[in-house]
Peer 1: 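Dumping the structure here so I can ask a few things about it.
Here is how names work: the chains are called A, B, and so on, in the same order as the sequence lines, proteins then strands, and each is numbered from 1. A quick note: this is a predicted structure, and the numbers were derived from the prediction, not measured. Below, each value reflects all heavy atoms present in this structure, side chains not excepted, and no hydrogens, waters or symmetry copies.
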Amino acid sequence: MENIEDQDKKSFHELRAQIDPEVYEKWDCEQIYIRNLITEEDIFEWKLDPKSEKALKYIGGVDISFSQKHQDIAVAILVIIEYPSLKKVHEEFEIVKLDGPYIPGFLAFREAAHLVKLFKKLQINKPQFTPQVIMVDGNGILHQNACGLASHLGVLIDKPTIGIGKTIFYVDGLRKDVVLDKFKKVTDEGGFAVLQGDSGRVWGAAYKSKKDVVDPIIVSVGHKITLQSALDLISKCCNFRIPEPVRVADIRSRELVKKISLQEALTAPTNSLEFLTEKFDGDKKKKIMEKKNLVFKLKEEDFPSLF
DNA sequence: GCGACAG
DNA sequence: ATCTTGTCGC
């Protein structure tokens, strides 16, 4: 019974031990440097009111989805969502190879560079879709060095960013039970609990995006926006629990990563698909055939980096 | 001193 | 992050 806790302890310790102390120190330093470049003020021109002359038009959403086969292969994506329709109008993506493992607290050093690349591609391909604000899958200043992925990326591309976390990341006494306890008192859709740590500093908010959701989304300032403005925007972007820019980026990158896995299966020495279609009937067979169709529907334009 | 740790 | 079936509810 005693080793359940020990295993958790060990695996976390092992994660941190995967980077050598010098790299840790360097990254720590870099985060503190970047932190000083972050602003938590509204530095943008757009307005939420669609009738305004300066109405917000394009919101960006970024995410990275991984292949289950090769742990280091992933699809990085940037989707452009039109406001206020919340429809996807454009996407840029790339199949990428991750350098290192995920280390809690250092997500940006694994993902940020790939995301920056997508903004550069957008700049060249479709500059007219340049987003005015970006929602990031991960935290902003809600981070041990007040420099999570959303903030890190925001500084690199010099644009307003918002961090959207789906689970609670511990910082400054904000344990999971503490956050959920604060969130429990939020009852109305669109309501939120401000996440103030033991130090008194406000790190973000636990937001109730739908009336009956059990879990909050964790919102934190990335760069060039206030928490209040971030929440105001998010309140207009939630068709479901996760705001559309992040949700669509998530779904779409997963879709693409699966296509890539299937393509690998197609080029594999043994073709198990044939065997499976003969072996199973009904729904199972139907599902397999759908996957098969996916393979045949692969288009060159879906894989610019493969051609 | 330990432990809580985004994707 | 990823793997997954059924299942509960509108």
Peer 1: Assess the residue pair A:I77 and A:I64 against the criterion (side-chain contact (heavy atoms from CB on, under 4.5 Å)); give the C-alpha distance rounded to whole Å, side-chain angles, the decisive distance to 0.1 Å, and a yes or no.
Peer 2: CA-CA 6 Å; A:I77 193 161; A:I64 297 190; over 6 Å; no
Peer 1: Across the strands shown, which category fits A:G165 at heavy-atom distances under 4.0 angstrom: base, sugar-phosphate, nothing?
Peer 2: sugar-phosphate
Peer 1: Hydrophobic cluster membership, with links at side-chain heavy-atom distances under 4.5 Å among I/L/V/M/F/W/Y: are A:I242 and A:V219 in one?
Peer 2: yes
Peer 1: Using whole Å, what does the distance between atom C1' of nucleotide C:dT2 and atom CZ of A:F66 come to?
Peer 2: 10 Å
Peer 1: By nearest atom, which of the nucleotides B:dA6, C:dT2, B:dG7 is closest to the A:N139 side chain?
Peer 2: B:dA6
Peer 1: Which nucleotide in the set C:dT2, B:dA4, B:dA6 lies at the smallest distance from any side-chain heavy atom of A:L149?
Peer 2: B:dA6
Peer 1: Rounded to the nearest angstrom, tell me the gap between atom CZ in A:F106 and atom P in B:dC5.
Peer 2: 16 Å
Peer 1: Roughly, in whole Å, what's the span from OH in A:Y102 to P in B:dG7?
Peer 2: 7 Å
Peer 1: Hey, is the side chain of A:T167 poking within less than 4.0 Å of OP1 or OP2 on B:dC5, counting only N and O atoms?
Peer 2: no
Peer 1: So A:W46 and A:F44, would you call those rings parallel, tilted or perpendicular, with 30° and 60° as cut-offs?
Peer 2: parallel
Peer 1: Is any side-chain N or O of A:R175 closer than 4.0 Å to OP1 or OP2 of B:dC5?
Peer 2: no
Peer 1: For Watson-Crick and G-U wobble pairs within 3.5 Å on both distances, what is DNA chain C written in dot-bracket notation, | included for inter-strand pairing?
Peer 2: ..........
Peer 1: When the ring centroid of A:H152 is compared with that of A:F109, is the distance short of 6.0 Å?
Peer 2: yes
Peer 1: Working to the nearest 0.5 angstrom, can you tell me the gap between A:K184 NZ and A:D181 CG?
Peer 2: 5.0 Å
Peer 1: Base, sugar-phosphate or nothing for A:K166? Non-hydrogen atoms, less than 4.0 Å.
Peer 2: sugar-phosphate
Peer 1: State which of C:dA1, B:dA6, B:dG7 makes the closest approach to the side chain of A:R110.
Peer 2: B:dG7
Peer 1: Rounded to the nearest 0.5 Å, what's the gap from CD1 on A:I164 to CZ on A:R247? Could you check?
Peer 2: 13.5 Å
Peer 1: Out of B:dA4, C:dT2, B:dA6, which has the shortest distance to the side chain of A:Y170?
Peer 2: B:dA4
Peer 1: Could you give the distance from CD1 (A:I217) to CZ (A:F183), rounded to the nearest 0.5 Å?
Peer 2: 9.0 Å
Peer 1: What integer distance in Å separates A:K97:NZ from C:dA1:P?
Peer 2: 21 Å
Peer 1: How many Å lie between CG on A:L142 and C1' on B:dG7, as a whole number?
Peer 2: 14 Å
Peer 1: Send over the distance from A:H114 NE2 to C:dA1 C1', rounded to a whole Å.
Peer 2: 14 Å
Peer 1: Using the side-chain heavy atoms of A:D63, tell me which of these nucleotides is nearest: C:dT2, B:dG7, B:dC5.
Peer 2: B:dG7
Peer 1: Using whole Å, what does the distance between atom P of nucleotide B:dG7 and atom CD1 of A:I103 come to?
Peer 2: 16 Å
Peer 1: B:dA6 C1' sits how many Å from A:W203 CH2, rounded?
Peer 2: 14 Å
